[in-house]
Amino acid sequence: MLFSKFFIPTLREAPAEAEAISHILMLRAGYVRQLAAGLYVYLPLAWRVMNRIQTIIREEMDSIGAQEISMPGLHPADIWQKTGRWFDIGDEMFRLKDRGGRDMCLGMTHEEIITWLASMEIRSYRQLPQMWYQIQTKFRDEARPKSGILRTREFIMKDSYSFDRDEEGLAVSYQKHAEAYHKIYERCGLKFYQVQSDPGMMGGAAAHEFMAPSPAGEDTIVLCKKCGYAANTELALSVPPSQKLKGSEKDWILEDIYTPEKRTVAEVSAFLKADPSYFIKSLLLIGRDGPFLALVRGDQELHEKKLAKIVGEFRAAQKDEVKSILGVGAGFIGPHNNTLRKIADILLKEGIYISGANKEGFHTKGIKPDVHFEAEWHDIHVAQAGDTCAKCSAEIALEKAIEIGNIFQLGTKYSQPLEAVYLDENGIEKPVIMGSYGIGPARIAAAAIEQNNDKDGIIWPQSIAPFDVEIIPLDMGDKEIGETAGMIYSNLSGEGWEALMDDRDERPGIKFKDADLIGIPYQIIIGKKGLKEGIVELKSRKTKQAERIAPSDVVKRAKELTGP
RNA sequence: CGGGGCGUAGCGCAGCCUGGUAGCGCACACGGUUCGGGACCGUGGAGUCGGAGGUUCAAAUCCUCUCGCCCCGACCA
């Protein structure tokens with residue numbers, strides 16, 4: 001491919017709206033352009049990357065026996081109504097009506113549609129298991145699209161679905177997907193983790209996410225280097241450090257202490273000269289069944305998602321609600337002396353504490369859990385660096401990560417309402433057991449850039465680079481340079497290499513800058529000085545190391561370094 | 001949806017406070033000199049100042065409304 005004929009609109013300066021590294025580099029290097037919030041045009045370079053990623057995905061999906069299909073992006077509402085998601089999902093679903101006034105939506109995912117298909121076609125256990133996948137556009141009206149192509153309102157996704165007779169079959173399909181995903185990410189040159197995740201609105205039992213560590217990520221994951229425990233903080237268990245005992249605390253007796261105008265843990269902690277770990281933070285929340293208290297240790301944060309999994313939806317109480325329910329201001333509420341339902345962090349089961357006295361201007365010291373109040377005990381705190389692993393007690397690490405894929409065991413969540421059933425060997429009708437599995441190719445591309453770049457630009461992993469090699473003749477006016485470049489180009493092409501040749505009549509500096517920005521992993525630099533000595537340079541984008549080799553040796557050497 | 005910021009030439013920005021000729025750098029076109037890490041000189045083209053309404057003799061600038069984009073949070077199958 002000739003650079004002069006290929007559309008690569010590089011920019012010297014990045015548009016001001018870009019913040020994430022991958023976003024800035026994709027704009028500057030001429031990969032994408034933004035149409036509107038969360039909507040992007042993929043230019044030729046980016047589309048080549050996407051195609052390479054999709055090819056890898058197809059190969060690995062096919063190798064586990066999945067079959068590619070294609071489903072519509074526009075869906076009738078009634079199928080989504082049958083599973084209830086038409087009502088459960090809010091503004092994030094694009095909804096519209098067709099000319100006949102029928103409710104429709106743009107597909108955010110395809111569980112409903114594929115289950116409809118299965119319900120029409122699957123009759124017998126003899127037809128199972130099945131794995132079907134597609135690479136297709138999804139639409140989600142994101143509340144806040146961000147970070148370039150990392151979070152968009154329209155995006156391509158590989159989604160696959162498994163259909164099995166029973167849970168054992170599902171476990172096999174699930175495992176096959178997990179293995180295929182590992183291969184896909186490895187082949188794409190990504191650093192990644194498989195972590196436990198929250199099934200969320202997908203429903204079902206087990207779920208894992210594949211996470212590419214990056215500061216640009218929206219998720220935080222908890223990792224234990226010792227035992228391998230890995231989970232999204234949405235559900236990650238951890239054991240924070242215990243109270244720092246000075247010795248005298250165990251002699252505390254239950255007493256109220258006057259703490260005028262001291263409301264927050266920080267204020268009371270400073271006032272009483274006691275570490276925040278001696279406090280119980282009491283939060284009055286309003287759930288579906290009325291008000292309740294959530295209790296976490298003073299140095300901890302409540303994880304609202306963990307709590308929501310236990311009690312369902314809730315919201316914080318307003319100031320006047322606190323007054324009317326507990327008869328005291330928000331800074332002085334505590335777990336004892338009231339009959340409200342209490343959900344307490346498991347960490348509070350041990351120790352002795354100070355908390356609000358439920359009396360204006362007072363805190364109570366010497367509170368012992370299970371003695372002075374009772375509660376339902378759950379892990380509801382946010383895992384933090386410095387905590388230890390709930391499984392093996394080693395110190396855990398926290399990392400920001402980009403979600404690049406997920407796998408869910410759905411069970412019968414969709415097959416039941418949509419009546420996707422089969423007859424087993426005994427002629428008994430049973431619902432199909434399903435799994436669902438997603439990968440975002442654009443996120444793979446963005447994560448690859450986030451993980452592989454330097455001050456000059458992108459450094460693509462070879463497998464997903466838009467081209468394998470860029471040939472850079474420094475002076476197109478020089479006959480010998482032009483001929484050598486042409487020879488190398490056709491030799492490489494003949495061996496299956498995809499080469500981009502910068503045939504533009506530009507100064508060397510511009511060609512070097514653009515080449516580094518675009519990030520093709522190898523550059524072959526052909527200049528007058530080198531040719532006088534009979535050599536060209538083969539330069540690694542990543543290391544910036546250049547080898548001086550004879551033009552005729554380029555193919556041989558390139559093969560040694562890496563395959564096409 | 002809550003909080004904050006920004007919309008002036010393709011990109012990056014100044015001008016706005018204190019109303020009066022729309023400007024700079026890069027990019028682009030042409031000519032010349034250059035040519036191993038984003039060259040230099042000269043000439044030139046390009047802007048409904050996001051939009052609407054208002055105040056004023058006069059609005060990029062002041063006021064009101066509105067649209068869009070970005071960031072933080074909430075949300076996120």
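Note on naming: letters A, B, ... go to the chains in the order of the sequence lines (proteins, then strands), and numbering restarts at 1 for each one.
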So, is [X] near the phosphate of [N], with a side-chain N or O under 4.0 Å from OP1 or OP2?
| X | N | result |
| --- | --- | --- |
| A/Arg12 | B/rA27 | yes |
| A/Arg144 | B/rC72 | yes |
| A/Arg85 | B/rA77 | no |

Please tell me whether [X] and [Y] have a donor and an acceptor in their side chains that are separated by less than 3.5 angstrom.
| X | Y | answer |
| --- | --- | --- |
| A/Tyr174 | A/His208 | yes |
| A/Lys146 | A/His23 | no |
| A/Asp516 | A/Gln523 | yes |
| A/Trp132 | A/Gln134 | no |
| A/Glu403 | A/Asn406 | yes |

Out of [options], which has the shortest distance to the side chain of [X]?
| X | options | result |
| --- | --- | --- |
| A/Ala16 | B/rC11, B/rC13, B/rC35 | B/rC13 |
| A/Ala143 | B/rG37, B/rC11, B/rA74 | B/rA74 |
| A/Arg140 | B/rA77, B/rG38, B/rC75 | B/rA77 |
| A/Pro15 | B/rC11, B/rA77, B/rC70 | B/rC11 |
| A/Arg507 | B/rC35, B/rA77, B/rG37 | B/rC35 |
| A/Leu474 | B/rC11, B/rG36, B/rA77 | B/rG36 |
| A/Lys146 | B/rC71, B/rG37, B/rC69 | B/rC71 |

Whole-Å [atom1] distance, [N] and [M]:
| N | M | atom1 | value |
| --- | --- | --- | --- |
| B/rC24 | B/rU8 | C1' | 12 Å |
| B/rG53 | B/rC67 | C1' | 14 Å |
| B/rG54 | B/rC16 | P | 26 Å |
| B/rA9 | B/rA14 | P | 12 Å |
| B/rC63 | B/rU55 | C1' | 7 Å |

Spell out yes or no: do the side chain of [X] and the base of [N] have one donor N/O and one acceptor N/O closer than 3.5 Å?
| X | N | result |
| --- | --- | --- |
| A/Asp516 | B/rG37 | yes |
| A/Glu17 | B/rG7 | no |
| A/Glu537 | B/rG36 | yes |

Point to revise | Spacing between A/Leu11 atom CG and B/rC28 atom C1', to the nearest angstrom | key: 13 Å
Need one value for [X]: base, sugar-phosphate or nothing, where a base atom within 4.0 Å counts as base even if backbone is also close, heavy atoms only.
| X | result |
| --- | --- |
| A/Lys305 | base |
| A/Asp514 | base |
| A/Arg153 | nothing |
| A/Glu218 | nothing |
| A/Gly530 | base |
| A/Thr83 | nothing |
| A/Ala36 | sugar-phosphate |
| A/Leu517 | base |

**Study point:** RNA chain B contacts among residues 447-455 of chain A, heavy-atom distance under 4.0 Å
**Key:** none
Practice item. Would you mind checking if A/Asp299 and A/Lys281 are paired as a salt bridge, meaning a charged N to carboxylate O distance below 4.0 Å? Key: no
Point to revise | Value rounded to 0.5 Å, distance of CG in A/Leu307 from NE2 in A/His378 | key: 9.0 Å
Check your understanding: Does the ring centre of A/Tyr437 sit less than 6.0 Å away from the ring centre of A/Phe408?
Key -> no
Check your understanding: Under 3.5 Å, side chain of A/His75 to main-chain N/O of A/Glu112, donor-acceptor pair present?
Key -> no
